[in-house]
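The structure appears below as structure tokens.
Note that ligands are numbered from 1 as they come in the structure, with each ligand's atoms numbered from 1 the same way.
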Amino acid sequence: MNSTETALPATDAPWIVMKFGGTSVATLPRWQNIGELVASRQAEGARVLIVVSALTGVTDALKQLCSESKAINRSEAARAIAQRHYDLLDHMQLSMPATLGERLEDLARLANEGAATLGELAWQAQVQAHGELMSSALGAAFLSHSGLPTHWLDARDCLSAVALPNQNERTRLLSSMVDSRPDPALAARLAAQGDVFITQGFIARESQGRTVLLGRGGSDTSASYFGALLKAQRVEIWTDVAGMFTANPRQVPGARLLQRLDYEEAQEIASTGAKVLHPRCLSPLRESRVPLLIKDTNRPELDGTVIGPEVRAHAPSVKAISARKGITLVSMESVGMWQQVGFLADVFAQFKHHGLSVDLIGSAETNVTVSLDPTENLLDSDAIAALATDLAKVCRVKVIAPCAAITLVGRGMRSLLHTLSGVLAEFGQLRVHLISQSSNNLNLTFVVDEEVVDTLLPHLHDLLISAGALRTDDSALFGPSWQALYGNGESVAATTAWWRDAQREALLELAAEKTPRYVYHLPTVRRQAGALKSLGAVDRLHYAVKANTHPAILRALAAEGFAFECVSPGELQAVSAIVPASTPLLFTPNFAPRDDYALALDTRATVTLDALHPLEHWGELFHGREVVLRIDLGRGLGHHEKVRTGGSGSKFGVPLDQLTQFLQLAQTHGVTVRGLHAHLGSGVLDAAHWGEVYVQLASLAERIDSVVFLNIGGGLGVPSHPGEASLDMAELDRVLREVKAAYPQYQLWMEPGRYLVADAGVLLARVTQQKGKGAYRYLGIDTGMNSLIRPALYDAWHEIVNLTRLDESATALYQVVGPICESGDVLGTDRRLPEADEGDVMLIAQTGAYGKVMSSHYNLRDEADEIVIE
Ligand SMILES: *Cc1c(COP(=O)(O)O)cnc(C)c1O
């Protein structure tokens with residue numbers, strides 16, 4: 001009915017603001033690229049406003065020009081700048097457009113005149129504005145010439161600087177702010193003129209008509225202002241990286257692309273170190289709720305980072321860890337006048353007086369410590385010394401530098417604290433000068449000595465992932481790692497899980513027969529066995545059978561040459577029934593009754609004692625026998641408190657202070673200690689750990705002549721969270737060889753469980769029901785903690801996928817729960833999965849270890865059965 005609707009774009013076509021930085025506008029191919037990108041946005045039915053920076057290096061050259069005192073040098077500088085633009089025009093095979101010609105003449109005149117007429121600051125602003133005026137003029141000519149009619153727009157006619165209280169002439173002219181309330185009249189005026197516009201970043205006009213600059217990050221800020229004024233559909237910042245990352249990729253190559261942030265989080269990340277976006281440019285957009293998209297000019301196919309209003313449908317997560325170096329701390333100790341009215345005001349007045357802006361504040365009864373951030377302050381030692389002198393009149397002052405501020409950013413930081421224990425433990429080993437938690441609940445900052453940061457940061461990033469604090473499994477939030485996107489691709493060769501491709505169909509068939517069901521993949525068991533066998537220093541490998549006692553797995557590992565470690569008569573029996581009679585066995589029980597030992601001593605198993613009691617009370621049982629002594633080295637390790645088996649908080653091992661007593665008892669009863677044993681915990685991913693245990697055992701063994709082997713236990717972890725680094729076997733090999741070289745007299749034994757079988761097993765279950773409740777969506781499956789108790793017991797994290805819909809995009813956020821009448825019957829919280837249907841087959845990964853063996857009949861539900869595949 002409305003005949004004008006055929007015109008494209010429609011009169012109410014949305015605006016897209018696209019901003020290109022200095023390198024993106026400096027060459028012909030880059031401009032061709034801009035042309036294509038703009039055309040594609042136009043094809044979406046949008047009007048486009050392009051915001052450009054000056055050609056790279058031009059702004060610096062203009063600043064340099066401003067600092068020259070002689071007219072002749074200034075003119076020379078202006079000529080060199082003009083030449084940059086002539087060269088590019090040449091490449092573009094364009095003749096000089098009138099718009100650019102005027103600008104160049106203007107610049108030459110300004111250079112020649114100097115600051116005299118306009119006044120120093122106004123002249124500087126006017127000169128520096130030419131970078132963008134020239135690049136945009138050139139761009140308009142090129143794009144129009146290439147068939148994309150582009151209108152040149154003077155940003156100063158659109159962006160009006162606002163005068164702020166406390167603003168001096170310098171900030172008013174060189175670091176100005178703009179009124180960015182939506183301006184429908186501007187949008188209508190432009191829409192009447194055309195579809196594609198190009199304008200300048202960095203510049204605006206103040207009320208007296210003078211040109212002003214927007215300061216650092218000015219071009220991004222201009223794009224935001226325009227986005228807000230036009231109430232754009234979105235603002236796109238085109239730069240040389242795909243977006244914001246969970247850490248600075250130069251420090252942490254495994255840092256993940258952040259695909260989705262809200263304004264406040266992005267602001268926080270930008271303010272605490274990320275360089276890709278200036279924090280200033282977010283507030284205009286936040287008010288008008290215009291989303292901002294960061295994109296890589298060279299890789300437009302990458303998703304980039306979208307910054308928009310807060311979205312609730314996400315797992316609470318730490319989003320980023322950043323570090324700012326060059327922080328100076330000023331610690332002020334009161335000299336008795338702390339409670340005095342106005343004392344803090346006097347102290348802070350000194351900071352104001354010296355022009356220093358305070359960032360973090362920590363206060364105690366007699367001390368206030370503040371940090372000074374170099375990005376907000378011109379920190380030179382003179383300024384700080386002068387401040388210290390003045391402060392010394394009212395308090396004792398200590399300046400601590402250089403420091404670094406390490407910040408964790410994420411919405412609802414306080415609700416994440418329980419996941420941060422591993423990270424906090426790291427800080428426990430360092431000198432932490434100041435801890436600050438922002439009042440907006442978005443960040444947690446630790447100030448430490450600067451020198452520790454480079455090694456600490458990658459480590460903390462790993463810890464955040466393995467603790468599940470940085471939820472890399474949420475594919476809606478976290479994209480690929482920087483390494484995967486930009487690295488040489490070497491270290492991202494993570495092996496795809498066996499169940500993902502090759503065996504998927506087989507698994508679906510197995511699930512069609514029956515669920516719940518465990519399925520074990522023997523080739524994976526053998527692969528892991530092979531990795532352990534590559535450890536050159538190890539003389540004997542045992543499989544800790546409590547992880548999984550399935551006969552086929554025992555058989556496979558016996559065939560691989562493994563010995564076996566058992567913790568109960570039942571395990572001894574199960575293993576003996578299957579493995580060849582020549583296979584060595586270890587018996588390592590804990591608080592077992594006398595009869596268990598009696599039984600084990602009748603087999604070929606080597607018995608381990610981990611208390612005084614057996615020798616004190618049943619000495620005759622062990623008379624003439626050889627035993628292994630399990631020692632508690634005084635500390636524990638592992639992925640959860642409940643899997644740490646060292647330290648006085650755990651029930652395992654003879655503590656070091658009872659060692660002499662144990663040896664005396666052994667002598668009394670004619671018992672020979674042949675080996676020492678320690679097993680500190682499970683799920684350890686740090687190779688150095690076993691080196692430490694090995695050395696400790698070896699040095700203890702030197703006091704006991706009869707010892708011939710050292711058993712350093714198991715506990716080798718497998719990574720569970722996406723992006724978590726795996727145990728470096730080459731490094732473990734190196735560490736162990738190093739200790740072996742120092743103590744060649746001892747045989748080295750190990751007894752891993754989880755490492756061999758975890759990845760080999762999956763639990764298949766089927767969707768039963770769904771339920772929405774408040775903000776939560778529950779996805780029910782036909783088994784729960786009765787089949788897999790690790791999530792409830794250890795907060796263990798298992799990857800869960802919808803095997804039926806493996807290729808569908810994960811759009812729902814589910815709490816995956818079982819049918820058991822316990823509120824702890826949750827297998828996975830906040831899981832990003834495809835929309836599921838009743839009957840879908842769900843796969844719970846990495847359940848080959850401590851899965852079936854820990855299952856129960858609770859609620860009298862049937863146990864999952866077990867299937868082995870080759
Ligand atoms: C459980 C256990 C192991 C195996 O631990 P994993 O973490 O599965 O490698 C090794 N030694 C002893 C004494 C154990 O109790």
Heavy-atom contacts with [X] under 4.0 Å: which atoms of ligand 1 show up? List them by number with element.
| X | result |
| --- | --- |
| Gly753 | 4 (C), 6 (P), 8 (O), 9 (O) |
| Pro752 | 9 (O) |
| Gly714 | 9 (O), 10 (C) |
| Ser682 | 6 (P), 7 (O) |
| Arg754 | 6 (P), 8 (O), 9 (O) |
| Gly715 | 5 (O), 6 (P), 7 (O), 9 (O) |
| Arg630 | 13 (C) |

**Asked** Would you say His677 has any N or O atom under 3.5 Å from an N or O of ligand 1, going by distance alone?
**Response** no

**Prompt:** Below 3.5 angstrom, do we get any N/O pair linking Lys546 and ligand 1?
**Reply:** yes

Please report the closest heavy-atom contact between [X] and [Y], naming both atoms and the distance.
| X | Y | answer |
| --- | --- | --- |
| Ala864 | Leu763 | CB-CD1, 4.2 Å |
| Tyr543 | Asn548 | OH-O, 2.6 Å |
| Leu727 | Leu685 | CD1-O, 3.5 Å |

Are [X] and [Y] close enough that a side-chain donor and a side-chain acceptor fall under 3.5 Å?
| X | Y | answer |
| --- | --- | --- |
| Thr246 | His461 | yes |
| Trp749 | Gln747 | yes |
| Glu822 | Tyr858 | yes |

**Asked** Hey, does Tyr850 sit under 4.0 Å from ligand 1 if you only count heavy atoms?
**Response** yes

**Request:** Examine the proximity of ligand 1 to Glu751 and report which part, side chain or backbone, both or neither, has a heavy atom under 4.0 Å away.
**Result:** both

**Item:** Atom NE2 of His623: over 12 foreign heavy atoms under 6.0 Å
**Value:** no

**Request:** Kindly assign one of parallel, tilted or perpendicular to the pair Tyr597 and Trp618, based on the angle between their ring planes and the thresholds 30° and 60°.
**Result:** tilted

